[in-house]
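The structure appears below as structure tokens.
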Amino acid sequence: SVQGFHTIALHVPVFKNGTFRGSLGVLMDFDAISRRYLENVRVAETGYAFVYSQKGVLLYSPVPGLAGKRYEEVTEGYPELRTTVEAMLRGETGNAQFEFNRVRSWIGKAVVKHASYLPIHLEDTFWSVCVATPESEILATLQRFGLYLLPLGLAVLLLTAVGVTLGLRH
């Protein structure tokens with residue numbers, strides 16, 4: 001916007017007796033909307049969401065300084081991420097794996113992330129939303145699940161063995 005912040009412009013045409021007379025327009029602060037609906041998206045410890053416009057502009061990212069940049073700049077040096085974003089820009093739905101070195105304000109060694117993405121259609125355009133989670137956090141969740149599942153499996157096995165033994169004795 002002229003005021004210097006990202007906006008969503010909503011225009012509604014105004015007609016009088018079938019003749020177009022103009023439009024009524026409203027600007028909505030995109031940063032406020034994205035903070036309200038996307039900033040709180042958390043998967044595990046550091047998973048997050050980001051949104052691209054159909055034209056390849058990063059509309060929302062929890063990583064400071066990336067919103068408003070074109071995908072070529074954001075994905076430079078990360079070919080798997082670029083492939084993922086290009087699929088997003090074609091309006092595809094899917095899953096991906098890529099390396100990236102940023103999580104919110106932290107910048108460090110690139111880590112493998114698993115992501116799911118889908119387009120949100122808005123009249124004659126779309127935004128593509130992606131949720132990405134580091135592989136290490138997904139594996140840690142599965143390992144914790146396995147730690148709970150192992151004792152349960154052993155208990156079922158033990159009860160089955162006791163049941164079979166008692167059944168054979170009778």
Side-chain angles (χ1 to χ4, degrees), residues 1-14 20-145:
S1 71
V2 175
Q3 295 81 6
F5 56 91
H6 293 104
T7 62
I8 297 172
L10 175 64
H11 284 267
V12 178
V14 177
F20 178 73
R21 304 302 247 165
S23 70
L24 178 61
V26 177
L27 294 180
M28 297 175 280
D29 182 355
F30 184 78
D31 292 333
I33 292 169
S34 61
R35 275 193 307 275
R36 180 173 181 184
Y37 294 103
L38 297 170
E39 186 174 59
N40 294 324
V41 171
R42 308 273 184 194
V43 181
E45 294 291 318
T46 59
Y48 57 87
F50 57 92
V51 180
Y52 272 95
S53 73
Q54 182 180 12
K55 294 182 179 181
V57 176
L58 185 57
L59 297 175
Y60 172 78
S61 172
V63 178
L66 292 185
K69 294 187 177 181
R70 293 211 30 91
Y71 85 95
E72 295 93 345
E73 184 178 355
V74 175
T75 63
E76 188 175 347
Y78 300 97
E80 298 94 359
L81 177 57
R82 180 168 289 198
T83 301
T84 300
V85 174
E86 288 171 346
M88 293 169 65
L89 300 181
R90 290 190 299 270
E92 295 176 12
T93 298
N95 300 303
Q97 177 180 319
F98 57 83
E99 289 187 1
F100 199 57
N101 69 337
R102 298 178 183 185
V103 175
R104 295 184 180 76
S105 60
W106 176 84
I107 299 174
K109 181 182 176 208
V111 297
V112 175
K113 297 187 180 196
H114 292 269
S116 294
Y117 54 90
L118 64 100
I120 297 174
H121 295 278
L122 306 162
E123 293 298 321
D124 61 345
T125 189
F126 64 86
W127 294 344
S128 197
V129 178
C130 182
V131 177
T133 307
E135 182 176 70
S136 59
E137 293 180 18
I138 294 170
L139 293 175
T141 301
L142 291 173
Q143 288 170 342
R144 280 194 304 274
F145 180 71

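In what follows, every heavy atom counts, from backbone to side chain, and hydrogens, waters and symmetry copies are set aside.
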- request: Hey, could you give me the NZ/CG distance between Lys55 and Leu89, rounded to the nearest 0.5 Å?
  value: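 Atom-to-atom, Lys55:NZ and Leu89:CG are 12.5 Å apart.
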How close do [X] and [Y] get, counting heavy atoms only, and between which atoms?
| X | Y | result |
| --- | --- | --- |
| Ser53 | Trp127 | CA-CD1, 4.0 Å |
| Phe126 | Pro119 | CD1-CB, 3.9 Å |
| Ser116 | Asn95 | OG-OD1, 2.6 Å |

message: Run the salt bridge (Lys or Arg N to Asp or Glu O under 4.0 Å) test against Glu76 and tell me which residues pass, sequence neighbours left out.
response: none
Side chain to side chain donor-acceptor pair (under 3.5 Å) with [X]: which residues, sequence neighbours excluded?
| X | result |
| --- | --- |
| Thr93 | none |
| Thr83 | none |
| Glu99 | none |
| Asp124 | none |

Pairs involving residues 80-91, ordered by first then second residue, that meet salt bridge (charged side-chain N to carboxylate O under 4.0 Å, His left out) (sequence neighbours left out): Arg90-Glu92
Going by the rule side-chain contact (heavy atoms from CB on, under 4.5 Å), which residues pair with [X] if we only count those two or more places apart in sequence or in a different chain?
| X | answer |
| --- | --- |
| Thr125 | Gln54, Leu122 |
| Val129 | Val51, Ile120 |
| Leu58 | Phe50, Tyr52, Ser61, Leu66, Val74 |
| Ala115 | Phe98, Cys130, Ala132 |

task: Check whether any side-chain heavy atom of His11 lies under 4.5 Å from a side-chain heavy atom of Pro13, and answer yes or no.
output: no
